[in-house]
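Comments concern the structure below.
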There are 2 protein chains.
Amino acid sequence: MTMSQTGGRRRPPTIHDVAREAGVSRGTVSRVLNGGHYVSPAAQEAVNAAIRRTGYVVNRHARSLITGRSDSVGFLLTEPQERFFEDPNFNVLLRGCTQALAAHDIPLLLMLAGTEDERRRITRYITAGHVDGVLLVSSHSGDPVAEELREAGVPLVACGKPIGLGSKVSYVAADDRDGARDMVRHLLSLGRRRIGVVTGPLDTPGGVERLAGYREVLAEAGIAADERLVVSGDYSRASGEAGAERLLAQAPDMDAVFVASDLMAQGVLAALHRAGRRVPEDIAVGGFDDSPAATAATPELTTIRQPWDRISNEMVRVLLAQIGGEDPAAVILPTELVRRAST
Amino acid sequence: MTMSQTGGRRRPPTIHDVAREAGVSRGTVSRVLNGGHYVSPAAQEAVNAAIRRTGYVVNRHARSLITGRSDSVGFLLTEPQERFFEDPNFNVLLRGCTQALAAHDIPLLLMLAGTEDERRRITRYITAGHVDGVLLVSSHSGDPVAEELREAGVPLVACGKPIGLGSKVSYVAADDRDGARDMVRHLLSLGRRRIGVVTGPLDTPGGVERLAGYREVLAEAGIAADERLVVSGDYSRASGEAGAERLLAQAPDMDAVFVASDLMAQGVLAALHRAGRRVPEDIAVGGFDDSPAATAATPELTTIRQPWDRISNEMVRVLLAQIGGEDPAAVILPTELVRRAST
DNA sequence: TTCTCTACTGTGAACGCTCACAGAAGCATG
DNA sequence: CATGCTTCTGTGAGCGTTCACAGTAGAGAA
């Protein structure tokens, strides 16, 4: 009976074992592992065969120790916890980033910085070089973590344009303003003229930009701004519900409403239902995100699709480029109107 | 002008720098770092001061290289992707685990093993010792990854009782059967006698156990089993909708239905609404999970709360214990009936 | 005193890898 | 034949830490 069968973890093969097995030196094995430049085809083949036979897997700690890279990146969430819970976009983004990184064999470390304590610990961890870069999800302005990381020179890509930071930080975002414009134009095309809006938080770029798009299109259509048609929420379902009630009270003649997130739109639908307004006959409702909430709603929501798969891919691409020494970059991706039953 | 201000990342201080600064040896600094045994109070203090002054953070790669531990754990998801998207429980679990680990200063690596390729890569990664242990979310039976990890002797804690695996694997689960019993008893106490059930997938422990609880309570109440009242779903909203339609067709006199997840219950509510049945007047609906979907539903769902915060804490506790050499353990946590408007 | 024990401290030697360098072999050029 | 260039290979050093071990000092017991 051998140790190897008992579940006790035996010592894994090292680069040395592979070298011996292949009849070459450590250096040659290392070269094969790192791209295979300056390696003869014969050696190349021998090493690969030896790797297969021994089941060798590189020890990343040893590698990191000398290269100074960790070959891992952090996915940092500085939002308060509720948002993480409620927002279905996080799931999609997180999954997309994990997969995009996996394609490069780079693990993703999930980091939650809700409390001040966690913030400190995580900043310390990151600036100590334990990750090569950070994917940042924090749309609220004045985020101290982001600022610290930027100053420490940590490669950083934000999801959504960070408001507070200087222009030297990379970000990837959907074209919020254009998406909002599409939706409002769509509502106009249906003949609606008293179009309300429930905005997102106005200290987030999404909140600001979507509202701007709304205002622009109405202005272009020659419709006078009416502040009774504008209320703001915080992306939560409950705030959508409250917002709709306020709108109904302030502007009972409203015939459409653009809601800056699907989740809030769910709340709006509930409030309209309670108020006896039919959707879309009396009031058309447009959402934003095309999250699962959009199809879960009754009626199903017309909404603006954010290209989350592309966003996550781009975030990873830009981050890796930056780790590789390139300059920060901003990427803006187009959105798409998805027509469903609510308009 | 010094390098340190330019954002170029300078070489971080090592244990050597701290030792020099504190006037002691590497060994003493190392001892302070690892619990402070056999260190004089004076040295202890000097080292801590030096650490503060230099901003020293331990290089985990160097440490891991020699200890053989990675001081990180994987959070492995082997479910197909849809579940990850739809199921709000994942968010809560993931967040809870991340935080519980953070308290021990252990980062969480998120790993998605959807495709065969990813599965192979991740198994390789884990068995190579790049994580000390794995938190496994994979309730479906016959999961090859879990089996491989178990055989490789990787510390492992599953969320929910793994069906296929032997008894040697740790798991933490809510008491599904007992929760189901509570719900069905609750429905009985309301005077309902024709109680239907939409089960979860029957190759998952949750699916099986919740159905078992349902059957037990009805049997104990002397109510004959009626297979027209039993349909099964896959935890998705759509399957709840389909299930409810089937139930209404097979057993039009149904006066209550126990649904094995809140998400499915949302679907059930939609189907009942379409069929003109009032909830709870005509048909009482009970869910399971107490996810955000429960309060998002109209009417709000009576449901069974799973103690997700405790589950994640226990998973981490059991995993760390196992990494520390303890034997596998099973933990079953009680659920709680949450009464809302749907019953 | 002398010995033993405990509390504490310093010093190589690893851990497994990459990197810089030196050197060998092959080939073309002067 | 020497010289240079390119391609390939092996070797030693060192990354920052922990661990085993040797050693010191002081207290208490013989």
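Bear in mind the structure is a predicted one, so any value in this text is a computation, not a measurement. Note on naming: letters A, B, ... go to the chains in the order of the sequence lines (proteins, then strands), and numbering restarts at 1 for each one.
If you check residues 40-55 of chain A against DNA chain D, the residues with a heavy atom closer than 4.0 Å are S40(A), A43(A), listed by number.
Each end of the helix from dT1(C)-dA30(D) to dG30(C)-dC1(D) gets its own axis from five base pairs, and the two axes differ in direction by 60°, given to 10 degrees.
Following rounding to the nearest Å, Y38(B) (OH) and dA22(D) (P) show an atom-to-atom distance of 16 Å. Separating the CZ atom of R20(B) from the P atom of dG16(D) is a distance of 12 Å, rounded to the nearest angstrom. As rounded to whole Å, 11 Å separates atom C1' of dT11(D) from atom CZ of R31(A). For the pair R69(B) CZ and dT18(D) P, the interatomic distance rounds to 9 Å; values are reported in whole Å.
Among residues at least two apart or in separate chains, salt bridge (Lys or Arg N to Asp or Glu O under 4.0 Å) pairs with a member in residues 53-69 of chain A are E21(A)-R53(A), R60(A)-D105(A), R69(A)-D71(A). Applying the ring-ring contact (aromatic ring centres under 6.0 Å, His included) test to every pair with at least one member in residues 40-60 of chain A, sequence neighbours left out, gives no pairs at all. The list of ring-ring contact (aromatic ring centres under 6.0 Å, His included) pairs with a residue in residues 93-113 of chain A, not counting sequence neighbours, is empty.
Evaluation of the side-chain hydrogen bond (donor to acceptor under 3.5 Å, both in side chains) rule for S312(A) yields no partner, not counting sequence neighbours. With sequence neighbours excluded, no residue satisfies side-chain contact (heavy atoms from CB on, under 4.5 Å) with I66(A). Residues satisfying the salt bridge (Lys or Arg N to Asp or Glu O under 4.0 Å) test with R119(A), not counting sequence neighbours, are E116(A). Every side-chain contact (heavy atoms from CB on, under 4.5 Å) that S64(A) has, sequence neighbours left out, goes to H61(B). Remark: R120(B) pairs with D117(B) by the salt bridge (Lys or Arg N to Asp or Glu O under 4.0 Å) rule, at least two apart or across chains.
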Could you go through nucleotides 13-17 of chain C and list every protein N or O atom that sits under 3.5 Å from one of its N or O atoms, giving the distance for each pair?
residue, atom, partner, partner atom, Å
dA13(C), N6, R26(B), NH2, 3.1
dG16(C), N2, A62(A), O, 3.4
dC17(C), OP1, Y56(A), OH, 2.4
dC17(C), OP1, N59(A), N, 3.3
dC17(C), OP2, I15(A), N, 2.3

Which atom pairs, donor and acceptor, lie under 3.5 Å between side-chain atoms of residues 38-51 of chain B and protein residues at least two apart or in another chain?
residue, atom, partner, partner atom, Å
S40(B), OG, A43(B), N, 3.2
N48(B), ND2, Q44(B), O, 3.3

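No side-chain heavy atom of F75(A) sits less than 4.5 Å from a side-chain heavy atom of T98(A).
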